[in-house]
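Treat the numbers as computed from the prediction; the structure is a model and nothing was measured. Order of the sequence lines fixes the chain letters, A, B, ..., with proteins taken first and strands second; residue numbering starts at 1 for each chain.
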There are 2 protein chains.
Amino acid sequence: MGRTSDARQKILDAAQALIELRGYSALGVAEICKAAGVPKGSFYYFFESKESLALTVLDEHWAAQRTAWTGLLTDTATPPLHRLRRLFEETEAAQLAGQQDCGTVSGCMFGNLSLEMSNQTEAVRTRLQEIFDAQVDMVEAVVAEARDRGEAGVTDVHEAARSVVAQLEGQVLFAKLYNSTGRLGSLWPNCLALLAARAPEGTAVRA
Amino acid sequence: MGRTSDARQKILDAAQALIELRGYSALGVAEICKAAGVPKGSFYYFFESKESLALTVLDEHWAAQRTAWTGLLTDTATPPLHRLRRLFEETEAAQLAGQQDCGTVSGCMFGNLSLEMSNQTEAVRTRLQEIFDAQVDMVEAVVAEARDRGEAGVTDVHEAARSVVAQLEGQVLFAKLYNSTGRLGSLWPNCLALLAARAPEGTAVRA
DNA sequence: ACCCAGTCTACGACCGGTCGTCTAGTCTTA
DNA sequence: TAAGACTAGACGACCGGTCGTAGACTGGGT
């Protein structure tokens with residue numbers, strides 16, 4: 001009896017879980033409705049189309065993650081690099097939890113959908129770009145803070161932040177492929193390395 | 001006719017192109033056959049199933065890429081780190097070429113299929129694991145060589161190689177999502193950073 | 001207190017089309 | 001003509017999506 005029908009929310013919840021578990025294209029509207037315990041006929045009352053559902057799931061998931069990230073990354077009581085480390089630890093913990101819940105490391109929904117849908121529907125691609133832009137911006141702010149405190153030698157903070165997020169996506173992809181969270185521990189040392197000063201051109205790096 | 005029918009090869013080529021362009025799940029057997037100019041009825045003469053086609057495409061694509069990588073990475077005439085740099089340059093060039101051919105950065109087929117299929121069919125997941133294992137091994141050999149020459153400070157060469165490949169996958173994912181190869185240039189400096197010595201535990205943090 | 005249009009929510013039945021797959025058969029070559 | 005190489009066409013299942021309407025609720029008229 002919620003003000004917005006709870007059937008809609010049940011569809012949303014089921015869709016989010018199933019998309020993380022099995023992807024989008026391989027998923028049918030009927031299957032989503034069955035999992036949600038909602039008649040299929042109701043689906044198109046609550047959602048305009050399957051794609052519109054994907055967009056809504058994306059938005060809801062990002063809203064939740066953004067809240068969590070904001071809490072982690074803007075906590076001025078802890079040094080900026082420690083905040084980043086906590087972000088990685090939380091990511092690892094989340095993947096581990098997902099694995100124990102449903103037997104499978106589900107990876108990052110945004111990365112998953114990027115590779116699966118971005119060249120099928122322009123709307124989803126645009127939304128995913130906005131999400132990753134926002135993620136990078138959030139990391140960038142922390143990196144800039146660290147640099148100002150002399151804790152990171154990097155000069156181009158935006159590109160550095162992008163690389164950190166890219167590293168995270170790549171490692172999570174591996175975690176999903178190998179169904180193992182074991183190696184996500186390298187996230188933090190790698191982040192540290194990416195945030196160190198860069199040699200201007202060419203050769204080796206000393207300690 | 002040819003001992004291996006050329007129809008089979010035409011299906012393979014069309015499938016490879018279409019999978020890079022539109023993914024696997026969203027692709028129908030009929031569409032592949034039409035693009036290949038092969039009657040749909042012939043498909044199941046040449047391939048056991050759609051999944052078996054995917055496996056074959058994967059193998060063929062990897063065989064080609066492995067050859068190219070081997071040529072690049074085992075060229076003892078050039079220093080190891082330069083070989084790695086050339087690998088990134090070639091990757092960037094390949095993505096750019098793909099973009100100009102079909103208007104879209106197609107990304108890495110292995111990464112794409114990892115996120116799209118790895119939790120649908122175990123056979124594909126296993127094959128993808130083998131491919132990435134091999135990629136990491138190839139990079140690892142070069143990293144070990146660089147370290148022996150004192151050009152890389154990293155101690156765990158396997159994990160370092162894995163991180164380099166992860167970074168590559170992450171950046172290529174972004175290139176695909178934003179349909180832009182412009183930022184793949186950060187691949188090489190990031191690789192350098194990942195190959196530098198790691199502090200054992202949170203050194204950069206002085207708070 | 002009762003009723004009855006009118007309105008909105010919610011849904012089962014169904015649509016045309018496409019999916020992956022298969023079989024029955026036609027070609028080609030020797 | 002025997003034997004393989006190849007293919008047309010159709011199969012049942014299922015896809016995303018539509019639609020007519022049942023049921024719950026509303027607010028005036030009586």
Side-chain angles (χ1 to χ4, degrees), chain A residues 1-58 112-113 116-125 127, chain B residues 1-19 21-58 113 116-125 127:
Chain A
M1 202 112 77
R3 46 215 76 265
T4 49
S5 156
D6 74 331
R8 187 188 139 96
Q9 193 58 44
K10 283 199 291 185
I11 292 178
L12 239 23
D13 292 342
Q16 173 158 337
L18 282 174
I19 285 177
E20 294 220 301
L21 200 58
R22 315 219 292 100
Y24 172 82
S25 306
L27 211 61
V29 172
E31 184 179 356
I32 296 171
C33 292
K34 191 179 148 202
V38 169
K40 187 189 167 206
S42 297
F43 182 90
Y44 287 89
Y45 173 76
F46 296 111
F47 298 96
E48 194 180 292
S49 67
K50 192 190 174 195
E51 177 182 332
S52 136
L53 168 72
L55 248 11
T56 307
V57 168
L58 222 40
N112 298 351
L113 292 182
E116 188 175 350
M117 301 186 66
S118 73
N119 35 25
Q120 285 184 60
T121 92
E122 214 53 40
V124 171
R125 151 176 273 160
R127 188 74 105 261
Chain B
M1 301 269 167
R3 57 228 97 283
T4 47
S5 157
D6 74 332
R8 188 187 137 97
Q9 193 58 44
K10 284 199 290 186
I11 292 178
L12 237 25
D13 293 342
Q16 173 158 336
L18 282 174
I19 286 177
L21 200 59
R22 315 218 292 101
Y24 172 83
S25 306
L27 212 60
V29 171
E31 184 179 357
I32 296 171
C33 292
K34 189 179 150 200
V38 169
K40 185 187 169 195
S42 297
F43 183 89
Y44 286 87
Y45 174 74
F46 296 110
F47 298 95
E48 195 180 292
S49 67
K50 190 190 174 195
E51 176 182 334
S52 138
L53 167 71
L55 248 10
T56 308
V57 167
L58 221 40
L113 292 182
E116 188 175 351
M117 302 186 64
S118 72
N119 35 24
Q120 286 184 59
T121 91
E122 214 53 41
V124 172
R125 151 176 273 160
R127 190 73 104 261

Query - Strand DNA chain C as a dot-bracket string - pairs counted if Watson-Crick or G-U with both distances under 3.5 Å, | where the partner lies in another strand - result: ||||||||||||||||||||||||||||||
Results of side chain to side chain donor-acceptor pair (under 3.5 Å) for [X] - residues two or more places apart only:
{"X": "A:Arg127", "result": "A:Asp59"}
{"X": "B:Thr56", "result": "none"}
{"X": "B:Ser42", "result": "none"}

Report summary line: Residue pairs meeting side-chain hydrogen bond (donor to acceptor under 3.5 Å, both in side chains), one or both in residues 116-125 of chain B, sequence neighbours left out, come to B:Ser25-B:Glu116
Could you tell me how far apart [X] ([atom1]) and [N] ([atom2]) are, to the nearest whole angstrom?
{"X": "B:Lys10", "N": "D:dC6", "atom1": "NZ", "atom2": "P", "value": "11 Å"}
{"X": "A:Glu31", "N": "C:dC19", "atom1": "CD", "atom2": "C1'", "value": "16 Å"}
{"X": "B:Lys34", "N": "C:dC19", "atom1": "NZ", "atom2": "P", "value": "11 Å"}

Report task. Scan residues 14-34 of chain A for pairs that pass salt bridge (charged side-chain N to carboxylate O under 4.0 Å, His left out), counting only residues two or more places apart or in two chains. Result -> A:Arg22-A:Glu31
Requested in this report: Scan residues 37-48 of chain B for pairs that pass salt bridge (charged side-chain N to carboxylate O under 4.0 Å, His left out), counting only residues two or more places apart or in two chains.
Outcome: none
Query raised in the report: Quick one: side-chain contact (heavy atoms from CB on, under 4.5 Å) partners of B:Ala35, sequence neighbours excluded?
Result: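 With neighbours one apart ignored, the set is B:Ala14, B:Leu18.
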**Report entry** Residue B:Lys50, side-chain heavy atoms: nucleotide from C:dC19, D:dG17, C:dG20 that is nearest
**Finding:**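 Selected nucleotide: C:dG20.
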**Report entry** Interface with DNA chain D, restricted to residues 12-27 of chain A and to heavy atoms under 4.0 Å
**Finding:** A:Leu27
Output a table of nitrogen or oxygen pairs between the protein and nucleotides 7-10 of chain D separated by less than 3.5 Å.
unit_1 : atom_1 : unit_2  : atom_2 : d
D:dT7  : OP2    : B:Ser42 : OG     : 2.6
D:dT7  : O5'    : B:Ser42 : OG     : 3.3

Query raised in the report: Nearest 0.5 Å, what's the CG-CG distance between B:Leu27 and B:Leu21?
Result: 9.0 Å
Report task. Using a 4.5 Å cut-off on heavy atoms from C-beta on, say whether the side chain of A:Leu12 contacts that of A:Phe46. Result ->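 They are not in side-chain contact.
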Report task. Only pairs at least two apart or in different chains count here, so list each ring-ring contact (aromatic ring centres under 6.0 Å, His included) that has a residue in residues 22-43 of chain A. Result -> A:Phe43-A:Phe47
